[in-house]
Amino acid sequence: MERVFSGVQPSGVLHIGNYLGAIKNWLELQNDYQCIFCVVDLHAITVPQEPKELLAKTIEVAKIYLAAGIDPKKSTIFVQSHIKEHAELAWLLNTITRIPELERMTQFKDKIRGQKSEVSMGLFDYPVLMAADILLYKAAKVPVGEDQVQHIELARSLAQRFNGRFSEVFIIPKPMVRKEGARIMGLDDPTKKMAKSANSAYNYIALTDSPDTIREKIKKAMTDSGKEIVSGPDKPALANLLTIHSLLVGQPVVEVEQQYQGKSYAEFKNDLAEVIIGFLEPVQKKYNALDDSEVLKILRAGAKKIQPIATKTMAEVKKVMGIIE
Ligand code: ATP
Ligand code: LTN
């Protein structure tokens, strides 16, 4: 069976963009691939994190995975820092990474805007650690939102370069990006992607938001000029809201548009809020029923299960590089 690898950072709260762009796709892969889903704490600390919060968020993200439907009997879930080889392989890959390859990364350029003097080496090196995550398990497919494709392209380049220079150790991974939902936009600014690190909580619907909060956030969400509920390049706000609606009810956008012909923004928004609430209700119920110590057990068992893959890949890497084991 081919392997799938993906991850989410334990920073901020998970939102419906993370769900629709990434986690929803993971669920569908569980039967056909050997899936490995990681909570990437070493990536989260590339920007400052409060230690107590990092710890709590790490468990929280794992809980979301489980509540959303990741089944630990089918897929492996684990914490990145529990497998030391991620950091070790990242160092080795650093030696074949070229500085301009990292300088052109869009996410890096976005994140350093306005805070150049405080930018850490870790943030710059973030894509190399991500390449290590993927290559360590020889994953063939990487399901992510659109913003991560550039990072996966780097992982492909590094794998090819390594294989060419040393020996055929790595599988060349492919990104798996959905046509719909790969880039959910911010509710308060539909020109930028919905992000955990957004300045305002009105940017996103967190998977843990209460029904009242959801109603309030959708009511306040930006809309476009005009009256009709239609999607289009000149209607970025509505296009985004319609995409969210369409993905959650499992109906094409055109059908949702038809349904709201002649209806008002207010009616559409009221219904959208209820659709989101209805979708999140069972997820939140499952989330609240999960016990931290139980989740920690699942995470430790996950790491234990996949440690042999990491150990084996590292042995192969070191051997062909001339590093004594
Ligand atoms: P941050 O704001 O801290 O960069 P984030 O909200 O982008 O965080 P990540 O942990 O970086 O969240 O992303 C986890 C997964 O969710 C990735 O696969 C990413 O591509 C996907 N994702 C993130 N934001 C969106 C979005 N707005 N639409 C679709 N997918 C998204
Ligand atoms: N950088 C990703 C999270 C991530 C990841 C990975 C995703 C870290 N390592 C490996 C896929 C495969 C993000 O979503 N910000």
Side-chain angles (χ1 to χ4, degrees), residues 3-26 29 35-49 54 57-58 60-61 64-65 68 78-81 83 86-87 89-90 93 105-113 122-123 125-156 158 173-201 203-207 240 243-244 247:
R3 248 175 233 147
V4 157
F5 186 99
S6 198
V8 173
Q9 307 181 71
S11 54
V13 283
L14 265 75
H15 50 73
I16 47 170
N18 298 133
Y19 179 80
L20 296 172
I23 299 175
K24 182 170 186 276
N25 309 333
W26 301 0
L29 300 170
C35 292
I36 305 177
F37 300 123
C38 185
V39 185
V40 290
D41 54 349
L42 299 179
H43 276 107
I45 56 168
T46 57
V47 295
Q49 302 291 342
L54 178 70
K57 295 272 175 213
T58 303
E60 229 177 271
V61 171
I64 293 273
Y65 286 1
F78 78 108
V79 180
Q80 186 184 32
S81 59
I83 306 251
H86 288 252
L89 182 57
L93 292 176
M105 289 293 163
T106 309
Q107 181 177 296
F108 178 68
K109 287 194 281 191
D110 283 350
K111 293 216 164 176
I112 66 170
R113 211 159 279 150
L123 189 65
D125 205 29
Y126 180 113
V128 180
L129 178 60
M130 180 162 158
D133 295 342
I134 299 164
L135 301 183
L136 188 59
Y137 301 97
K138 303 190 181 182
K141 302 275 163 59
V142 188
V144 285
E146 199 203 64
D147 62 311
Q148 296 302 313
V149 171
Q150 196 185 24
H151 291 159
I152 298 169
E153 272 156 13
L154 177 76
R156 288 171 61 83
L158 294 181
K174 282 206 186 89
M176 269 179 142
V177 182
R178 276 301 177 83
K179 265 212 227 78
E180 303 283 340
R183 192 170 170 81
I184 299 293
M185 309 309 276
L187 298 179
D188 59 349
D189 179 2
T191 63
K192 295 204 191 90
K193 73 159 197 142
M194 185 178 282
K196 290 188 239 141
S197 53
N199 289 330
S200 160
N203 173 270
Y204 54 78
I205 302 279
L207 297 178
N240 191 43
T243 300
I244 296 171
L247 289 169

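First listed ligand is number 1; within each ligand, the first listed atom is number 1. Computation of the quantities below employed the complete heavy-atom set of this structure, encompassing side-chain atoms and omitting hydrogens, waters and symmetry-equivalent molecules.
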Those residues with a heavy-atom separation under 4.0 Å from ligand 1 are V8, Q9, S11, H15, G17, N18, G21, A22, K111, V144, G145, D147, Q148, G181, A182, R183, I184, K193, M194, A195, K196, S197
Answer yes or no: is there an ion pair linking E153 with R156, defined by an N-O contact shorter than 4.0 Å? no
Treating H86 as the side-chain partner and L129 as the backbone partner, does any N or O pair qualify as donor plus acceptor under 3.5 Å? no
Proximal ligand 2 atoms for H43, defined as those under 4.0 Å from one of its heavy atoms: 8 (C), 9 (N)
What residue and heavy atom of the protein are closest to atom 7 (C) of ligand 2, and at what distance? G7 N, 3.5 Å
Any idea which part of V144 is under 4.0 Å from ligand 2, heavy-atom wise: side chain, backbone, both or neither? side chain
Give a yes or no answer on whether the side chain of K196 reaches the backbone of Q9 with a donor-acceptor pair at less than 3.5 Å. yes
Specify the protein heavy atom at minimum distance from atom 9 (N) of ligand 2: its residue, its atom name, and the distance to 0.1 Å. D133 OD2, 2.6 Å
Closest heavy-atom pair and its distance - P143, S6: O-OG, 2.8 Å
Give the numbers and elements of all ligand 2 atoms closer than 4.0 Å to a heavy atom of V142. 11 (C), 12 (C)
Which atoms from ligand 2 have a heavy atom of Q9 less than 4.0 Å away? 15 (N)
So, the side chain of Y65 versus the backbone of I23: is there a donor-acceptor pair under 3.5 Å, distance only? no
Does some side-chain heavy atom of V13 sit less than 4.5 Å from a side-chain heavy atom of Y204? yes
Is the backbone of L42 close enough, under 3.5 Å, to the side chain of Q80 for a donor and an acceptor to pair up by distance? yes
Using 30° and 60° as the class limits, which term best fits the ring planes of Y126 and H151: parallel, tilted or perpendicular? tilted
Checking the side chain of R3 only, and the main-chain atoms of Y137 only, is there a donor and an acceptor separated by less than 3.5 Å? yes
With distance as the sole test, does N203 use its side chain to make a donor-acceptor pair with the main-chain N or O of A195 at under 3.5 Å? yes
For the 3.5 Å polar cut-off, considering only N or O atoms, please tell me whether Y126 and ligand 2 meet it. yes
Using a strict 4.0 Å cut-off to heavy atoms of S6, name the atoms of ligand 2 that fall inside it. 7 (C), 11 (C), 12 (C)
Side chain, backbone, both or neither: which part of D147 has a heavy atom under 4.0 Å from ligand 2? neither
Under 3.5 Å, N or O to N or O, is Q148 touching ligand 2 that way? yes
M185 backbone acceptor or donor facing N240 side chain under 3.5 Å: yes
